[in-house]
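Take a look at the structure below.
Quick note on labels: first sequence line is chain A, next is B, and so on, each numbered from 1.
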Amino acid sequence: MNLNTVFYKIFFSAIDRKKKNFFRSLCNLLFCFSDINEPHTKIKGLTLNGFHYYRNIHHSQINEISEKEIAKIDRITPIVDMDFFPFIFDRDCLEIRNSSHSKNIEDLIVTNENIDYKLKKWINSNHPKKIIKNLETHLRYPFVKSCFIDFNKNTAKKLPPGPYIYKLKTNNYDKKYEIEIPEYIDKLKNIEAFFDIKFLQRGKTNNNKDIYNIKLINKKSKCIIKQLSEDFIGLSFYSNDVKWFNCVLQNHIDKQLPKHSSKIPYTSLPCLS
Amino acid sequence: MQLDEYFDFDEFDEKLIPAWELYFSGQLISTADSLRHRGNILHNNLKRSFQKFFQCDNCGSLFSENTEFCTQCSNKDFNCRIIVPHQIDKNFDPKNLNHIKFYNKPDSDIQLLTEITSNISKKDVLVLVRDENQIYTRGDMSISDVCFFDKDVWYNGLRSAKIDFTSIEKRIMFYSTVIQVKLDTNNFDAAIFTLDEYITRYLQVNMCSDENTYDVNSNNVILFLLTNTDKSFSDAYFDLQSNQNKFIDKVEYAIKNINNIFRNWKELNDIVLPIEQINHGLREIKL
């Protein structure tokens, strides 16, 4: 398993983006993220980029940008020394990347909450029209025969309690169950049986092209598992609720995230394999 | 690039995914088409003798040689432009710029430039122009063969070219679409800039922004990067990165951007998988 980055995505309406005041407050907000992220990601300035348009600005130059220029801009990235951008604004989507690099899980959770707090405050003071915010992270681990069964036993059980919709999908199979976690997790036994049969068949017919996909959905929080290739499985969490998301992070990744390592490590996810 | 036309913001939540996909494929096909079209124009026109000029990014002045900084505004950023002489007589000496003329009559493909503040007298020169009076740059020439393939068709092409893809076959089992791009290693800085501007950005925005890429039959994409010489993409890329200081801001930005985007794809569980050709085999690109 490799926890890379927690992505925090916000979608705006494009009409808002072209307003002068909105753009300025957005730029001011973006400069704030040098404090939230790791101390070494000092943002020197912003690169504004658009159709036949390119400009680098400092914090003091935000007010110099005219309305004509704002209409052209569709991408804002920070000027930082390292290769990794802590955020990217692209057309209508602001993506803040909270890297797990040299952070432990507590730091990661605190940073998530900080980002959420800053954004809520900013949204309340600016009133953008339509807004969708979403947290997401993607894990990957090697494929073993009992992956999907382990998923029910370990991953599903550890999700925050509540009613969930369980969707199971393969190339030619599509089914939906309603379950309550953690009380009615036993319902999933049916599904385990299904996969047992499928894996036995796979051994016989060598039909490797079947792709498996499971979703667990609670309101707008989702947990998705999918076979990526013959050797790898991907596990993704999406949520618009920081508490749900942090709870998932704590239950699934705790203690496995190494502290202060210089490289992002590849380790296995014990609860799954 | 008016996104509002493609979006109905009142139904933002539900209709987000189909709108993005449609927008994406439309953009990419038209980009591929226009790049091919431009390639043809350049191919036909550059059979005639031409000269490279360097244009100041700031004030637009033209210089026949690459100078340290602009004499008009002392700006350091220059872009290479291509100028084709209109009437080529035998005595034409590219250094003798008095023969050069700027037109403002719109022609079918070859348009003449209207307003340019220049230290060259505006006589007898034909300037290749693309949309919105932009002059053709090196970037336009440095990228070619932008194609969209189904994976099976792509496999057939590889087989007939006797390229061995067995090493990567298992890895790309669940991918269905291939985008092929050919880059010019002689103008690699410009090629990287164009790759970033036209290809990777569209892929980045449109492939990775929604969670339905995790559906069973989602179309994940292979980005197949070729070069016009024996040098592989990553070799050329690392060479370029090592002498980054020689380039203008925009190229540096493009390099950073591509690093970020490739890393992002990796983190999103290889939603877009960049691969390259190396000695009659294929390899995953790791930057």
| Side chains of B/Y253 and A/T77 in contact at under 4.5 Å (non-hydrogen atoms) | yes
Note to self: Quick check: do B/N264 and A/R97 have side-chain heavy atoms less than 4.5 Å from each other?
What the structure shows: yes
Bottom line for A/F85: the part with an atom under 4.5 Å from chain B's heavy atoms is both
Closest heavy-atom pair, A/H138 versus B/E267, reported as atoms and distance to 0.1 Å, is CB-O, 3.5 Å
Distance col, row B/R263:CZ vs A/T5:OG1, nearest 0.5 angstrom, shows 5.5 Å
Applying side-chain contact (heavy atoms from CB on, under 4.5 Å) to B/D196 and not counting sequence neighbours gives B/T200, B/R201, B/A254, B/N257, B/I258, B/I261
With sequence neighbours left out, the residues meeting side-chain hydrogen bond (donor to acceptor under 3.5 Å, both in side chains) with A/N240 are none
